[in-house]
Amino acid sequence: MSGQALPLEITDLRTTLFTRRGEMKAVDGLSLSVGAGETVALVGESGCGKSLSALSVMRLLPDPPARIVGGQVKLNGRDIVPLPEEAMLGIRGKEIGMIFQDPISSLNPVTTVEKQIVEVLMTHTELGRGQARVRAHELLELVGMPDAARRLDAYPHQLSGGMCQRVVIAMAIACSPSVLIADEPTTALDVTVQAQVLALLKKLQADAGMAMIFITHDLGVVAETADRVVVMYAGRKVEEASVDELFENPLHPYTVGLIGATPTPGAERAERLADIPGMVPPLNALPQGCAFAPRCKRVMDRCLTEKPALTVPGPGRLVACFAAQGG
Amino acid sequence: MSLLSLRDVRVQFNTAGGVVRAVNGVSLDLAVGETLGLVGESGCGKSTLGKAIMKLVPVSGGAIVVEGVDIAPLNRAQLTDMRRKVQMIFQDPYGSLNPRSTVGRSVAQPMVLAGWKPEATAERVETLLRWVGLPSDAKQRYPHEFSGGQRQRIGIARALALSPKLIICDEPVSALDVSVRAQVINLLEDLKSQFGVSYLFISHDLSVVEHIADRVAVMYLGMLFEVGGRDQIWKSPQHPYTRALLAAAPIANPKLARARQRTVLQGELPSPLNPPPGCPFNSRCPMAQDRCRVEKPVLRPVANGAQAACHFV
Amino acid sequence: MQRFEFPRFEFVGRFARNRGALVGACLILVVALMAVFASVFFPTDPLRIVGLPELWPGEDPEFPLGTDSLGRDILSMIVHGARATLLIGLFASAVATIIGVGVGAIAGYFGGWVDEISMRVAELFQTIPNLIFVLTIVVILGSTLTNIVIAIGIVSWTPIARMTRAEFLSLRDREFVQACRSMGMSDLRIIVSEILPNALPPVIVLSSLVVAGAILFESAVSFLGLGDPNVASWGRLVGDGRQLIRSSWYICAIPGIAIMITVLCLNLVGDGLNDALNPKLRDR
Ligand SMILES: Nc1ncnc2c1ncn2[C@@H]1O[C@H](COP(=O)(O)OP(=O)(O)OP(=O)(O)O)[C@@H](O)[C@H]1O
Ligand SMILES: Nc1ncnc2c1ncn2[C@@H]1O[C@H](COP(=O)(O)OP(=O)(O)O)[C@@H](O)[C@H]1O
Ligand code: SF4
Ligand code: SF4
Ligand SMILES: [Mg+2]
Ligand SMILES: [Mg+2]
């Protein structure tokens, strides 16, 4: 890897929401890098800023109210935050692809599947229409679309959620991007279809050596897909570790809580789930010190006034918690 | 005598595209104090079965026996007694409360309908809110002032109002975040040990069902494929569909996840308008044979002590 | 993602954000005050002859809006006419709303053949030419205020019925309604106390537009000389001035402008209500 830039390197990304109720730091200093062929899971409950982080990286924020106010997003070594929108058009879909949670609404309802894929191909490659159509068929085969030849002429509403997600994946990988961001790509799908889509993403990633950010709130899916995990809470990264270390020895009380709250068949059965009291605070009412303090079992005086910074408790690990750092 | 016993229950809907047999001959027993998990993919008929028991959808055949009384032929006026025994909690915390009613009014409804005096009703509302862990000033507030988890608690309070024996929980935690989901699951379990209520727990999340259920029923296109104790189902699933479902469910433990043998089930749930003839699973089943395409299997006792509906187990 | 909103307070703010609606509401308020306090401002009977006939506006400071062909004070007649005009509008709209909400609620809630029949009936009413229907009723049953109000109500209920039906269709399968059913609540009670309060906002918008429509209907009826002879509504004033339209056109024009402004304001208020009550436009 030495000398060569990582596919995606996010440094101190800050995204703020400018609303009538005031400014809210939705993403507050997120740093994250993903290597080629690596899957980093971004985990946290609803409202923790996962989707806005992804949209910031894609430069697809809803503006207003959201705007990037600081930080760098280096895509293959180039910072894309200052780039004009026209430059982003050439980058999105080519160097970086994204898959959304709701597959049906991320497709154009009035255009056939084939046309949508062909359009992506013709925007970003030299292919002519005829070649693009051949490639579209290949892509549908690649993403395991049953009866691919016939589905080319289908409209999104004629397909099931799982098939739509396959089309979205086909479009996202059409130009072999080096980075793929998947925002809860299986949340709307059934377990069996979820397993199919996860297996597909893994295979495509392994074949092409893509860097992948996988956003989810489901720790089961994390355990199945991720190499490394970043846990987010209230817009900040609170812990980062390899997937094995995170599940074996979680350090941040929020991570501990999430794991305890997730029932795990086959593991030692706890009589009660270890729930986290309370809920994620709204962004305009964050506590002054550690944002997790009102729900934390290990809270100390210091946590109420000071925000814990990220520290390195061991090789390849990061945690932002006073208790985990030993006081 | 079991608390609830279903015999060959059928529900069908006439739609523009044809007849949907949403529940197609389900037989099931639920004992007092038991939690029965009902799992299956979206659209397989879980909610419809729950609503059939509540008589919220027209039941086109079979018997629904609650404490010895078949309620399937009864009309609404004759159901008063049964309504006290069986209650329901709904999936959508945003849709299950009237947005223009205060929480107090929503929770009081069952008592009001049962003809309680206002003082007794008010007192009961206080008690119920306390049981589900809500502050008592909640009763003057409106649903939009509460989070999803709190709304689900309000729904639980309403279901508990007349001390039911059975609560049908239709995906009560599916719309909730992980930490809040655990809170609600714990609450349901506490209420069960406190009041001895039974649950029919509908969910598509297998790990939640594994945690909460004593017995499990697996549903596919309107019929039950396997019914058995939780450990029987998880340790030695017999039906090919149950096995596929368990293999597909993610496990929140990277070592276990990597260690297990995984064959991903191909295809998707067929359209309920046009189910395959014979065994409805034959279009996806790795074991399917000619017989499966003509003859529909029925639930029968199998090796692990459970019941399964497959010609070849 | 929880959102804490307080609909009651925010409603006023959202309504006021629509400038047109605010202006409309203020003008309607002025007209309403005129109607209420008409006898305070002009204690004498507006139909009494008080001055020279056909005085142009401004000609005599005592009659700022002039006098009509008989020498009656136009300003006084406008102020008193506001009462009749607004009441006709409100009552006709009330009739239309009661019929429309009743039919729409039953059709939407029960669905099936009840719905089929109700909607066929609604279609039937829609195909009847409205003005001709109103005129026919008035001619056959007599030119009384009640008949006019009922006739206008009968031709105006169908859009309200459709809107109510659509709301009921989308609300009746919501889980809170299912919850009420599962508790054994009667259909009537579910319709009236559970679904209706949720279905009303868009219906209110429509009802406010029906008020405007009714005022226009009544004006047309009166203009044609078929209005209630005992009621001096604005429409009647326009009708009375008809003969002199070539020479003293202001006699027609002044009540006509009053009608136009009121109808326009009611439409603006309707728009504002729609913005304020329609959740899809919230938080823009
Ligand atoms: N367009 C917007 N306007 C105002 N606030 C917003 C907007 N989009 C997101 N937010 C707020 O930003 C925060 C983070 O949102 P984001 O969608 O990234 O969270 P998430 O973790 O992905 O949640 P979910 O799982 O519910 O999608 C939340 O508090 C949310 O309410
Ligand atoms: N009111 C209805 N009219 C027509 N079809 C319905 C109705 N309710 C449910 N269905 C159909 O019945 C089947 C089972 O639905 P449901 O019980 O809601 O599934 P689940 O809860 O397992 O997701 C589905 O195919 C669904 O489309
Ligand atoms: S810093 Fe304090 S409050 Fe925050 S997670 Fe650590 S112990 Fe808990
Ligand atoms: S009956 Fe046949 S198709 Fe059905 S599950 Fe058994 S083997 Fe598979
Ligand atoms: Mg999200
Ligand atoms: Mg359901």
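The chains referred to below are lettered A, B, ... by the order of the sequence lines, with proteins before strands, and numbering in each begins at 1.
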Judged by atom type as modelled, is there a donor-acceptor pair below 3.5 Å linking the side chain of [X] to the main-chain atoms of [Y]?
| X | Y | value |
| --- | --- | --- |
| E210(B) | T264(A) | no |
| E45(A) | L176(B) | no |
| Q196(A) | G267(B) | yes |

Considering all heavy atoms, the nearest [X]-[Y] contact:
| X | Y | value |
| --- | --- | --- |
| P250(B) | V191(A) | CD-CG1, 4.3 Å |
| D244(A) | P254(B) | OD1-CB, 3.3 Å |
| H211(B) | P263(A) | CB-CB, 3.8 Å |

Reported [atom1]-to-[atom2] distance for the pair [X] and [Y], which is rounded to 0.5 angstrom:
| X | Y | atom1 | atom2 | answer |
| --- | --- | --- | --- | --- |
| D218(A) | S207(B) | CG | OG | 7.0 Å |
| E189(B) | L273(A) | CD | CG | 7.0 Å |
| H217(A) | D177(B) | NE2 | CG | 7.0 Å |

Return the option, out of G144(A), S160(A), P146(A), with the maximum number of heavy-atom pairs under 4.5 Å with chain B.
S160(A)
Toward chain A, the part of I251(B) with a non-hydrogen atom under 4.5 Å:
both
Heavy-atom pair count under 4.5 Å with chain A, highest-scoring of L246(B), D190(B), L206(B):
D190(B)
Interface residue of largest heavy-atom contact number with chain A, from N186(B), V178(B), V264(B), under 4.5 Å
N186(B)
Check the pair D190(A) / E268(B) against side chain to side chain contact (heavy atoms under 4.5 Å, CB included), numbers first and verdict last.
CA-CA 9 Å; D190(A) 267 319; E268(B) 297 176 18; over 6 Å; no
Verdict with reasoning, K255(B) to E248(A), per side chain to side chain contact (heavy atoms under 4.5 Å, CB included):
CA-CA 9 Å; K255(B) 297 240 162 81; E248(A) 235 160 64; 2.2 Å; yes
Which answer fits V243(A), side chain, backbone, both or neither, if we ask what part of it has an atom under 4.5 Å from a heavy atom of chain B?
both
Residue part contacting chain B, namely of D275(A), when any heavy atom lies under 4.5 Å
both
